Amino acid sequence: MIRINENYLNLKASYLFSEIAKRVAAFQEKNPKTNVIKLGIGDVTRPLPRACIEAMHEAVDEMAVRSTFKGYGPEQGYAFLRDAIAENDYRSRGADISAEEIFISDGAKCDTANIQEIFASDIRVAIPDPVYPVYLDTNVMAGRAGSLLDGRYGNILYLESTRENGFVPELPSEKADLIYLCFPNNPTGAAITKDRLAQWVEYARENRALILYDAAYEAFIRDEALPRTIYEIPGAREVAIEFRSFSKTAGFTGTRCAFTVVPKDCAAFDASGARHLLHGLWNRRQTTKFNGVSYPVQKAARAVYTEEGKKEVASLIDYYLKNAGHIRSEMAGFGFECAGGDNSPYIWVHTRTDSWEFFDLLLEKAGVVCTPGAGFGRCGQGYVRISAFNDFENVREAMERIGQAL
Ligand code: MLT
């Protein structure tokens, strides 16, 4: 008899953003005339940078000619893109990362979801609360989470991020083996300082643990004192894997390109305590299960690092940060305490009411979609997340409508 992976029965009913999409679709069906403004899922609205479009067109033309046509590319990504990333995102910031340590992929969501496959099923996993749901759900699917009781899984070590700790969790008093961190944070928008990040690196080194560092929003950091990559912290090469994405920086949510950095010094252990390099394991996983990102898309991503591309990306980020600033100041003006929005595209709004009720209120009274904080974990109750990814006119109108609705 064919049997299912019963860990799937242990998941909460549906993926957060699918649940929101379902509720919005139901509302829209009942209210076809309402122009719903979406500030829920962080999906970009501005077109791709000109430099990326031109590079993609040229690559498509190359695919039309026998002499320049490309079949399968390297599973790890083309050297032209890996070299540009190593130089611009890492070495230029004094972070010692080489091109061979970079694995190009079609999304940070897939990479942060898939990476747990290379670790044992009985390790202790520490996950922030609130959190991007992918980290937790994929560990539930893999059977690491234990049973669900009162909204929390028994085997997960929750790293609470609250207004009291500035939404940067404290080091756990218990021992964790695998630690997920995301800065600038999704959903709270909080950023981490070098000193705090260095404490996590030290914790990982002392406990023979590994940090999975999601830096998908690093391009939104405006405060020069904040770390843009975990590899700015000495010693991180041995204990951290970093995830990055072109989705939110260069508008690639629909185009799909991201990368994961697995330094060659980064290791984990087998049951006997022997040390194994993770670079080789991840390479083995990717070459078995992944055939690379398409050539035109990698060419487009490469263009992000040209002079023109850099300028265009900077202006896209400025655009969304202006939205973020407007949302934050308007919501604060309505009397809500807010976090994020300065080095991040997300504003974490303390509504002090049930988050799903506040979500329904904004949808029904203002036609505006946000994300209920409770969907990111218990510590998100009483909050909603508002995303700055939309056109400024829509953001301004959304804030006017929210002001009227309240
Ligand atoms: C979010 O809204 O949290 C993100 O857009 C989701 C994602 O990147 O998968």
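We number each residue from 1, following the sequence as shown. On a predicted model such as this, the values are computed, not experimentally measured, just so you know.
- The distance between the ring centers of Phe336 and Phe334 does not fall below 6.0 angstrom.
- The main-chain N or O of Asp342 is never found under 3.5 Å from a side-chain atom of Arg222 such that the two would form a donor-acceptor pair.
- Asn10 places a side-chain N or O within 3.5 Å of a backbone atom of Gly146 that can act as its donor or acceptor partner.
- Asn291 contributes atom CG, which lies 10.5 Å from atom CD of Gln286 (distance to the nearest 0.5 angstrom).
- Between Asp223 and Asn343, the shortest heavy-atom distance links the atoms N-OD1, 3.0 Å.
- Within the cation-pi definition used here (under 6.0 Å to the ring centroid, within 45° of the axis), Lys248 does not qualify as a partner of Phe220.
- Remark: Arg196 engages Glu170 in a salt bridge, criterion side-chain N to carboxylate O under 4.0 Å.
- A donor atom on one side chain and an acceptor atom on the other are not found under 3.5 Å apart for Asn165 and Glu160.
- For Ala142 against Asn7, the heavy-atom pair with the smallest separation is C-ND2, 3.7 Å.
- There is a side-chain donor-acceptor pair under 3.5 Å between Tyr305 and Asp89.
- Note: Met141 CE to Gln116 CD = 9.0 Å, rounded to the nearest 0.5 Å.
- Residues Ile104 and Gly77 approach most closely at CG1-CA, 3.6 Å, considering heavy atoms.
- Contact check for Trp200 versus Ile233: no side-chain heavy atoms found under the 4.5 Å cut-off.
- Under the 3.5 Å distance criterion, with hydrogens and angles disregarded, no donor-acceptor pair is assigned to the side chains of Tyr153 and Asn139.
- Closest heavy-atom contact between Gly71 and Phe69: N-CE2, 3.8 Å.
- Side-chain atoms of Thr112 and Asp214 include no donor-acceptor pair closer than 3.5 Å.
- No side-chain donor-acceptor contact under 3.5 Å links Tyr203 to the backbone of Ala209.
- Distance check: Leu181 CG to Leu159 CG gives 7.0 Å after rounding to the nearest 0.5 Å.
- Checked for salt-bridge contact, Arg50 and Glu312 miss the test: no charged N lies under 4.0 Å from a carboxylate O.
- Judged by distance alone, the side chain of Asp106 and the main-chain N or O of Val293 form no donor-acceptor pair under 3.5 Å.
- Within 6.0 Å of atom CZ in Arg284, 12 or fewer heavy atoms from other residues, nucleotides or ligands are found, so the atom counts as exposed in its surroundings.
- No donor-acceptor pair closer than 3.5 Å links the side chain of Gln199 to the backbone N or O of Leu171.
- Not counting sequence neighbours, Arg378 has no partner by the salt bridge (charged side-chain N to carboxylate O under 4.0 Å, His left out) test.
- Between Glu174 and Arg124 there is a salt bridge, with a side-chain nitrogen of the basic residue lying less than 4.0 Å from a carboxylate oxygen of the acidic one.
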Practice prompt. Mind running salt bridge (Lys or Arg N to Asp or Glu O under 4.0 Å) on Arg396 and Glu393 for me, showing each step along the way?
Written response: CA-CA 5 Å; Arg396 190 167 49 197; Glu393 297 67 38; 5.2 Å; no
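- Taking Glu6 as the reference, Arg3, Ile4, Leu9 meet the side-chain contact (heavy atoms from CB on, under 4.5 Å) condition, with sequence neighbours excluded.
- When all heavy atoms of Ala250 and Val304 are compared, the closest pair comes out as CB-CG2, 3.7 Å.
- No close placement of the Phe392 and Tyr319 rings is indicated, their centers lying 6.0 Å or farther apart.
- The main-chain N or O of Glu117 is never found under 3.5 Å from a side-chain atom of Arg285 such that the two would form a donor-acceptor pair.
- In this structure, Asp83 has no salt bridge (charged side-chain N to carboxylate O under 4.0 Å, His left out) partners at least two apart in sequence or on a different chain.
- Within the 3.5 Å criterion, the main-chain N or O of Ala374 finds a donor-acceptor partner in the side chain of Ser355.
- Taking a 6.0 Å sphere around NZ of Lys70, one finds it holds more than 12 heavy atoms contributed by other residues, nucleotides or ligands.
- Counting only distance, with no hydrogens or angles, the side chain of Gln298 and the backbone of Tyr78 share a donor-acceptor pair below 3.5 Å.
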Side-chain atoms of residues 30-44: list all donor-acceptor pairs with protein atoms under 3.5 Å, sequence neighbours left out, distances to 0.1 Å.
residue	atom	partner	partner atom	Å
Asn31	ND2	Phe27	O	2.9
Asp43	OD1	Thr253	OG1	2.6

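- For Arg228 (side chain) and Glu218 (main-chain N/O), a donor-acceptor pair under 3.5 Å exists by modelled atom type.
- Sorted by first then second residue, the salt bridge (Lys or Arg N to Asp or Glu O under 4.0 Å) pairs that include residues 361-373, not counting sequence neighbours, number zero.
- Centroid-to-centroid, the aromatic rings of Tyr217 and Tyr346 come within less than 6.0 Å.
- Within a 6.0 Å sphere centred on OH of Tyr15, other residues, nucleotides and ligands contribute more than 12 heavy atoms.
- Side chains of Gln76 and Arg82: no donor on one and acceptor on the other come within 3.5 Å.
- Rounded to the nearest 0.5 Å, atoms CG (Asp96) and CG (Asp265) are 8.0 Å apart.
- A donor-acceptor pair is defined here as one N or O able to donate and one able to accept, closer than 3.5 Å; no such pair exists between the side chain of Tyr213 and the backbone of Tyr231.
- Judged by distance alone, the side chains of Glu75 and Thr287 never bring a donor and an acceptor atom under 3.5 Å apart.
- Between Lys12 and Leu148, the closest side-chain pair of non-hydrogen atoms falls below 4.5 Å.
- Tyr90 and Glu101 form no side-chain donor-acceptor contact under 3.5 Å, judged by distance and modelled atom types alone.
- With hydrogens and angles left out, the side-chain atoms of Asp270 and Ser272 include a donor and acceptor closer than 3.5 Å.
- Partners of Leu278 according to the side-chain contact (heavy atoms from CB on, under 4.5 Å) rule, which considers only residues two or more places apart in sequence or in another chain, are Ile118, Phe119, Leu210, Ile241, Val262, Cys266, Ala268, Leu281.
- Here the closest heavy-atom approach between residue Gly375 and residue Trp356 is recorded as N-NE1, 4.4 Å.
- Annotation: side chain of Leu363 is in contact with side chain of Val369 (closest heavy-atom distance under 4.5 Å).
- Separating the OG atom in Ser161 from the CG atom in Asp129 is a distance of 7.0 Å, to the nearest 0.5 Å.
- Between atom CZ of residue Arg302 and atom CZ of residue Phe246 there is a gap of 10.0 Å, rounded to the nearest 0.5 Å.
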Fill in: Stepwise ring pair (Phe, Tyr, Trp, His ring centres under 6.0 Å) test for Phe376 and Tyr383
CA-CA 10 Å; Phe376 296 105; Tyr383 291 84; over 10 Å; no
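- Note on ring orientation: taking the six-membered ring where Trp is involved, the planes of Tyr135 and Tyr132 are perpendicular (angle over 60°, cut-offs 30° and 60°).
- Lys310 and Asn88 share a side-chain donor-acceptor pair at under 3.5 Å.
- Shown here is Glu29, whose CD atom has no more than 12 heavy atoms of other residues, nucleotides or ligands within 6.0 Å.
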